[in-house]
Amino acid sequence: MAKKPGYIIMAMVTYFEYITTVYRLFGLNFVSLQGIVLCTTALSSTGWEICQRDLSLAAQAVRVASAAPRIMTSRAAMISGARFNSTNAGATMATAGKTVAANPTPAAPQPKKRWSRLRALKRVVQLGTVGAIGYGAYEIYGKRHPLEQKPFDPKKRTVVVLGSGWGAVSFLKSINTDDYNVMVVSPRNYFLFTPLLPSCTVGTIELRSIMEPIRFITQHKSRNVKFYESECTDIDPESKTISITDVSDIKGSVSNTTVHYDYLVMAVGADNQTFGMAGVREFACFLKEIWDAQKIRTRLMDCVESAGFAKQAPEEVDRLLHMVVVGGGPTGVEYAAELHDFLKDDLEVWYPELADKFRITLVEALPNVLPMFSSQLIQYTESTFKQNKIEVLTKTMVKEVADKEIKVMDANKNLVSIPYGLLVWATGNCPRPLTRKLMARIKEAQTSPRGILVDDYMRVAGAPDIYAIGDCTFSKYAPTAQVATQQGLYLASVFENLARIEEGQNKKITPFEYSHQGSLAYIGSDKAIADLPFLNGNVSVGGVATYVFWRSVYISNMFSFRNRFLVVGDWMKSKVFGRDVSRE
């Protein structure tokens, strides 16, 4: 029995050296714990016959632990493979102690951090977030704190701008006020982002989110820009004066006056085309201004609540919940699409008893809707409307408008009566009264009844120093916001060159050239269509991805960071909480 103490001592040396190494490197982990359990099992065995097996188990424990990086030391491996006996056990113990003292275990190097894609993405997101917050704060501060402006200079020429729409605002933002005194006359003191107006009629976007006060623009010009919230009632090209009237509900002691101009820029837009049909202005809703969207929303909710009134007749419920849209252009199509989303996503949830009675009908006199788009997109739009149960009546002309029904002539030349609860009229443009009055003054040069005739430099025919841009003109270009914006930018460059020419510089004024950037339209159910120019042709796309593109384009075309922030917030709010069904 003399050999037993030697084997047990060697097993204990192996065990404690293993534990020391593990604690020195990492501390306890799962692999180390397995080694400790094996070592404990080996030491707990007794008897001379099983000592060698116990020692073998202890050595196995060290080998298991060596699977972890740098846990197995050279000294532990030497002890695990040594042969022990009772006569040289003491000498081996002494040698082991000296070797350990002479060769201490070196400190483990720290593992290098690996550059992973996840860490890179995390860093990009962090930097992007900080940059976006910084840019937003800079934009907000700059908008809230305009710089001091120069006063009016009586030695400089005065430019009077009529209107606050797409053409007027693009011109106003681009003109150099160091060269001119600028005045703005408009009955509304804000710019309206009209492409998103259909979304406001159903509560997807709040009205204030697409309105930009004109003074937010004028106060950031280098020279003071005067703004008068008034209606221009007359233009005298001979005396170069305009007559303006205060149209607000509250007036001061002076509500009518005249203003002199050196250059006049007409950007008054157009009126709604009714084709002289009686009853349209009395019973239909237009979709061009803020008050139009408010009127549509109020009437829509009135129809829904009246349909749910106690003991309402079934035929009256069907009439009240039948929404009719006249006009198959972008405005009419987008409103029908927004109305469908509102009915399906919200009204059918909160008015389940009326869910199966909602109807939408789109009336168009032409053979198809959206004539400015490609035939593939027209077919895609009509098929989408069919899936959404929006009835499209093409080759159908409205002949009469009453308070509860319209009479139309269908494709077979039959006169049909269509009852309705809400009627939205989106059939095109016609000249405003001011435009007609100016055209009458210079009727020798103004021969078209559809708008003001201008040349390639935006000069009004027959009226020197008067320019016209946007929907009030009649030209080869479509009356769209895209055309008006480019005309406003062009006209600002014309005035820049005129100022340089007066200074004696050699500047050449080139004619206006329109660059078509494509056409977009929302068709409902989170789908949109896009006709985009590409190389020498067009690319026609539609679907959910195009809907995301449609939204991104509208956001990028907004004139201020404030509007972008508000509109994105409205989209998120309506998606999370739904649209409001309260009656305003």
Side-chain angles (χ1 to χ4, degrees), residues 198 270-288 296 299-300 303 313-340 343 357-431 448-451 474 478-479 519 521 523-524 529:
D271 207 348
N272 296 283
Q273 179 64 271
T274 64
F275 305 102
M277 193 177 302
V280 174
R281 295 192 180 275
E282 291 81 5
F283 306 118
C285 298
F286 301 113
L287 191 52
K288 190 179 285 288
I296 290 175
R299 287 200 178 183
L300 173 60
C303 289
E315 59 273 12
E316 190 67 7
V317 172
D318 292 338
R319 180 189 70 81
L320 288 168
L321 297 182
H322 186 198
M323 317 303 172
V324 177
V325 181
V326 179
T331 302
V333 167
E334 290 193 336
Y335 175 70
E338 292 282 357
L339 182 57
H340 163 267
L343 297 181
K357 296 180 175 60
F358 290 110
R359 292 174 56 207
I360 303 174
T361 299
L362 180 67
V363 179
E364 171 56 45
L366 296 177
N368 52 260
V369 299
L370 301 175
M372 69 288 299
F373 284 82
S374 64
S375 58
Q376 298 94 329
L377 293 181
I378 292 174
Q379 294 175 2
Y380 180 72
T381 300
E382 292 178 347
S383 64
T384 302
F385 274 21
K386 187 176 181 180
Q387 293 174 2
N388 293 338
K389 298 181 180 179
I390 299 176
E391 185 179 9
V392 179
L393 302 178
T394 57
K395 300 180 182 180
T396 303
M397 298 181 62
V398 179
K399 293 298 183 178
E400 184 180 336
V401 176
D403 59 341
K404 294 184 180 181
E405 67 176 7
I406 61 173
K407 291 183 179 180
V408 302
M409 181 175 290
D410 62 13
N412 299 321
K413 305 301 181 181
N414 297 321
L415 196 63
V416 180
S417 177
I418 302 178
Y420 69 86
L422 172 67
L423 177 63
V424 176
W425 195 270
T427 57
N429 299 327
C430 67
S448 173
R450 300 179 62 181
F474 175 65
S519 301
I523 60 174
I529 56 175

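Numbering of residues begins at 1 and proceeds along the displayed sequence. Computed over heavy atoms, backbone and side chain alike; hydrogens, waters and symmetry mates excluded.
Counting all heavy atoms, side chain and backbone alike, M397 lies closest to A365 at CG-CB, 3.8 Å. Between P371 and L366, the closest heavy-atom pair is CG-CD1, 4.0 Å. Shortest non-hydrogen contact noted between A521 and E334 is CA-OE2, 3.3 Å. Summarising the geometry of C303 relative to G421, their closest heavy-atom pair is SG-O, 3.3 Å, with the distance given to 0.1 Å. Nearest heavy-atom pair across A337 and I523 is CB-C, 3.3 Å. Nearest approach of A426 to G332, heavy atoms of both residues: CB-N, 4.0 Å.
Looking only at side-chain heavy atoms (C-beta outward), N368 and F373 stay at 4.5 Å or farther from each other. Side-chain contact between K357 and P314: absent, with no pair of heavy atoms (C-beta onward) separated by less than 4.5 Å. H322 has its side chain out of reach of D318: every pair of non-hydrogen atoms, C-beta onward, lies at least 4.5 Å apart. V369 is not listed as a side-chain neighbour of F385, based on a closest heavy-atom distance of 4.5 Å or more. Taking 4.5 Å as the limit, some side-chain heavy atom of L339 sits within range of a side-chain heavy atom of L300. Side-chain contact between I418 and V408 is present, with heavy atoms from C-beta onward closer than 4.5 Å. Side-chain contact between F275 and V280: absent, with no pair of heavy atoms (C-beta onward) separated by less than 4.5 Å. Taking 4.5 Å as the limit, some side-chain heavy atom of K288 sits within range of a side-chain heavy atom of N429.
Atom CG of residue L320 and atom CD of residue E315 lie 10.5 Å apart, to the nearest 0.5 angstrom. Note: I378 CD1 to M372 CE = 8.5 Å, rounded to the nearest 0.5 Å. For the atom pair CG (L287) and CD (E338), the distance works out to 10.5 Å, reported to the nearest 0.5 Å. Distance CG/L362 to OH/Y335: 12.0 Å, rounded to 0.5 Å. Taken to the nearest 0.5 Å, the CZ atom of F286 stands 9.0 Å off from the CG atom of L423. Put simply, CG on L393 and NZ on K395 are 13.0 Å apart, with the number rounded to the nearest 0.5 Å.
Within the structure, salt bridge (charged side-chain N to carboxylate O under 4.0 Å, His left out) pairs that include any residue of residues 374-391 comprise R359-E391 (at least two apart or interchain). The side-chain hydrogen bond (donor to acceptor under 3.5 Å, both in side chains) contacts involving residues 397-425 comprise E405-S417, W425-T427, where partners must be two or more places apart or lie in separate chains.
With sequence neighbours excluded, the residues satisfying side chain to side chain donor-acceptor pair (under 3.5 Å) with Q376 are S374.
In this structure, the side chain of T396 engages the main chain of T394 through a donor-acceptor pair within 3.5 Å.
Other residues, nucleotides and ligands contribute only 12 or fewer heavy atoms inside 6.0 Å of the CZ atom of R450.
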